[in-house]
Amino acid sequence: MVKIELPDGNMLEVSKNSTILSIAQQIGPRLAEAAVAAKIDGNLVDLFYEVTKNSKLEILTNKSEEALDILNHSAAHIMAGAVVDLFPDARPTIGPSIEPVGFYYDFYVKKPFTQEDLEQIQKRVDEVIQENSEFKREELSLKDAINYYQTEDKNKFKVEILEETEVDEVSFYSHGKGAFKDLCRGPHIPSTGRIKGIKILNASSAFWRGDAQRESLQRVYGVAFFNPKQLRKHLHMLEEAKKRDHRILGSQLDLFGTADEWGPGMPLIYPKGTIILEILKAFWIKEHRKAGYEIVQTPHIFKELVWQTSGHIEYFLENMFPVDLKGEKWFIKPMNCPGHMMIYNRKAYSYRELPVRLGEMGTVYRYELSGALHGLFRVLSITQDDAHIFMLPDQLEDEIVRVIEMVDHFYKAFGFEEWEYFVSTKPEKAIGDDAGWDHATDALMKALERVDIKYKVKEGDGAFYGPKIDVDVKDAIGRRWQLATIQVDFNLPDRFDINYLGEDGQKHRPFVIHRVIYGCMERFLAIIVENYAGKMPIWLSPVQTVVIPITDSHAEYAKKVADELVEAGIRAEADFSGERMEYKIRHATMQKVPYIINVGDKEIEAETIAVRNVRSKDNKVEFGVKIPDFIDKVLQQNKNYE
RNA sequence: GCCUCGGUAACUCAGAGGUAGAGUGAUUGACUUGUAAUCAAUUAGCCGGGGGUUCAAAUCCCCCCCGAGGCUCCA
């Protein structure tokens, strides 16, 4: 007999070599039914794992955090089996589950998969799930495993994986009638039928080991769930994401676009998009002045000497746009930092004046590989809501806390509900010595800990000039976006010889942090468009109301109403086109204008307006609204960021 | 940059060797309407660019540009 400790602290005696499944049955039949895999002393194992010694046991059910991951990984195996059934020449390489949900499998194939191929794969996968066959595990010595992939199942990719492992024994999993078995650590779901909803989504290409010099593989994506309802919900989310695509909404709502042939990655912000940007900027300037920032402006282009001094020539050259002027080299700025260093250096700051906070909405240009571009999410012309804070070393924690508080304030104003913090450490290509990096990284972590913020560490993900805190924001449909970043820069201060005069009358080096909150204006604009699905809140709507006369005879009154609203500071328009009123209402609704005002004989008579609130659930029309009341309401909403 | 798929009217797309098409939009006219599309007419194009094959190319071949989904990268 062996003793099993359960998560609630209860002890259970079972006979030696009992499977997890039988233990689960012993605890309760419902648990056995819901069980997916288990953790023995913290290690993930299958349900048919046999317990040989006293252990701590946690049974993972389909409600557990790891369960969906295990399900999707198992789905990847099932798909690989299906692909090998249908295309015997295909060589499976790797097939993990992915965040936040889903899986892929990379195959080495002669011909890329077509849409029809994917449908075949889906059909075969559905059959295998119907068969509800068990997952089986087998152990092989490393030598036998390599031999298997060299002689029987000729797969050089698996051989390469095996040759890099340092264990003596590896495990294989198989399922169903076919001969397909796959090298895998496990664990897996007990049987294929546990998948109740699976969809093969799309195929694209990827390189073996992400290396462009190596073989090009076909990557097939899919997603799997424990019940069909979750799958439907997920597919709905994907549909929803497509509908929210800022590239489509941007042109439908006449906000922004690109002239790809004239300059890929160079966004054109149209008048209505610019209104939104202006509001974002006004909000930003107001909040920053309140928080003690001074706003500055620096040029877009500087001589090579600046970039030699800053280290960009050495570390960032491949991303910079060069300008050759009669043999003299200039570069368009890829970052705002040097200009801010120069502004700081215009005078000798005393320790009493620190911290000095310099902010700028600065447009920088960074050359990226063409394949990296994506709507407004990834552009070459980037307007950063940049600021540099120069401070005494012991002010660092306070300043970071202040930035974090501002980050929270901003994201709340834009209706986000959840965001996550990450600390990134030293990358391979970096300036500065290890001691400096350690010191700065430590300071970031301490600041976060001081304000009780939980964070994750991204090893080696820092900028070349310092460690950083990144903030990922979760949008309305659960996607994550990296927005704010707070970076310690302990290199530019040296390079630009940044000083302050201390109490001792001597020069000292201040700490400098570089930070953005929106991230960059282009991307932030795109994110809020997608987050709100184009239905901007009142305060951000480029057009807040359209006044529609019922017939031409009401045009004069409509004009008067619109003028009055504009005069009061509301973004109002009037629609005098030759269409019918119903058409104009539909048009304004599709343009996602929040308030649609109609005026006719009744309104003229009573000096009122009829207001349709497009944001309300039932799209209701309120008759007999007094114009001053409407003005007050909208101005109030502007003020409250509603 | 690499892989796969694309680029036809302002927009969305059909046409796959033989006269360049539809819907939406825009323009004009009629209608004067009480809450999500009134009717009619007009307008539409170096079929991404260059070269080649052919009696004939939007269509087949080659090169280039641009986009989408990935790889990589990142604010």
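First the proteins, then the strands, lettered A, B, ... as listed; each starts at 1. For the numbers below, each heavy atom of this structure counts, side chains included, while hydrogens, waters and symmetry mates do not.
- Aromatic rings from Phe390(A) and His340(A) are positioned such that their centres are separated by 6.0 Å or more.
- Using a 4.0 Å heavy-atom cutoff across all strands shown, Phe207(A) reaches at least one base atom of the nucleic acid.
- With 3.5 Å as the limit, one finds a donor-acceptor pair spanning the side chains of Trp208(A) and Glu160(A).
- Among the candidates Val614(A), Asp575(A), Val546(A), the single residue satisfying the side-chain contact (heavy atoms from CB on, under 4.5 Å) test with Val593(A) is Val546(A).
- A salt bridge links Asp245(A) to Arg247(A): one of the charged nitrogens lies within less than 4.0 Å of a carboxylate oxygen.
- C74(B) and A14(B) have their C1' atoms separated by 39 Å, with the value rounded to a whole Å.
- Applying the Watson-Crick and G-U wobble criteria (two distances, each under 3.5 Å), C60(B) pairs with G52(B).
- Sorted by first and then second residue, the side-chain hydrogen bond (donor to acceptor under 3.5 Å, both in side chains) pairs with a member in residues 586-598 of chain A read Tyr595(A)-Gln637(A); sequence neighbours excluded.
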Decide ring-ring contact (aromatic ring centres under 6.0 Å, His included) for Tyr105(A) and Phe107(A); before the verdict, give the C-alpha distance in whole Å, the side-chain angles of both, and the deciding distance to 0.1 Å. CA-CA 6 Å; Tyr105(A) 213 115; Phe107(A) 301 95; 5.1 Å; yes

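- Nucleic acid contact class of Arg209(A) (heavy atoms, under 4.0 Å, all strands): none.
- In this entry A10(B) has U24(B) as its Watson-Crick or G-U wobble partner, both defining distances falling under 3.5 Å.
- Heavy atoms of His374(A) sit under 4.0 angstrom from primed sugar atoms or phosphate atoms, though from no base atom.
- With 3.5 Å as the limit, one finds a donor-acceptor pair spanning the side chains of Thr485(A) and Gln487(A).
- Side-chain contact check for Tyr104(A) versus Pro96(A): some heavy-atom pair is nearer than 4.5 Å.
- Spacing of P atoms, C47(B) relative to A9(B), comes out at 9 Å, to the nearest Å.
- When the P atom is used for both U35(B) and A26(B), the distance is 23 Å, rounded to whole Å.
- Asn319(A) comes within 4.0 angstrom of nothing in the nucleic acid, heavy atoms only.
- As judged by a 4.0 angstrom heavy-atom cut-off over every strand, Lys584(A) is placed among residues making no nucleic acid contact.
- Within 4.0 Å of Glu318(A), counting heavy atoms only, lies no atom of the nucleic acid at all.
- Here Arg580(A) lies in heavy-atom contact (under 4.0 Å) with a base.
- Positionally, the nearest nucleotide of RNA chain B for Asp601(A) lies more toward the 5' end than for the other of Arg366(A) and Asp601(A).
- Heavy atoms of Phe623(A) sit under 4.0 angstrom from at least one base atom.
- A distance of about 23 Å separates the P atoms of G29(B) and G34(B), rounded to the whole Å.
- With a cut-off of 3.5 Å on both pairing distances, the Watson-Crick or G-U wobble partner of G29(B) is C39(B).
- Residues Leu376(A) and Gly265(A) both approach RNA chain B. Their nearest nucleotides, taken by heavy-atom distance, put Gly265(A) toward the 5′ side.
- At a threshold of 4.0 angstrom between heavy atoms, the contacts of Lys620(A) with the nucleic acid are absent.
- Summarising the base pairing, A16(B) is matched to no nucleotide, lacking a Watson-Crick or G-U wobble pair whose two defining distances lie under 3.5 Å.
- Judged by Watson-Crick or G-U wobble contacts below 3.5 Å, the nucleotide A44(B) has no partner.
- The separation of G18(B) from C60(B), taken at their C1' atoms, amounts to 15 Å, rounded to a whole angstrom.
- On the nucleic acid side, RNA chain B contacts chain A at distances under 4.0 Å to non-hydrogen atoms, with the end points of that region at G1(B) to A75(B).
- Ring pair Trp307(A)/Phe316(A): centre-to-centre distance not below 6.0 Å.
- Separating the P atom of G51(B) from that of G70(B) is a span of 36 Å, rounded to the nearest Å.
- Among the heavy atoms of the strands, none lies under 4.0 Å from Tyr518(A).
- Annotation: A16(B) and G48(B) have their P atoms spaced 16 Å apart (nearest Å).
- Among the protein residues, Gln252(A) comes within range of no part of the nucleic acid, since none of its heavy atoms lies under 4.0 Å from any strand.
- In this structure, Val379(A) reaches the bases: a heavy-atom distance under 4.0 Å links it to at least one base atom across the strands shown.
- To the nearest whole angstrom, the two C1' atoms, one in C13(B) and one in G7(B), are 12 Å apart.
- Base contact: Ala610(A) has a heavy atom under 4.0 Å from a base atom.
- Summarising the base pairing, G1(B) is matched to C71(B) through a Watson-Crick or G-U wobble pair whose two defining distances lie under 3.5 Å.
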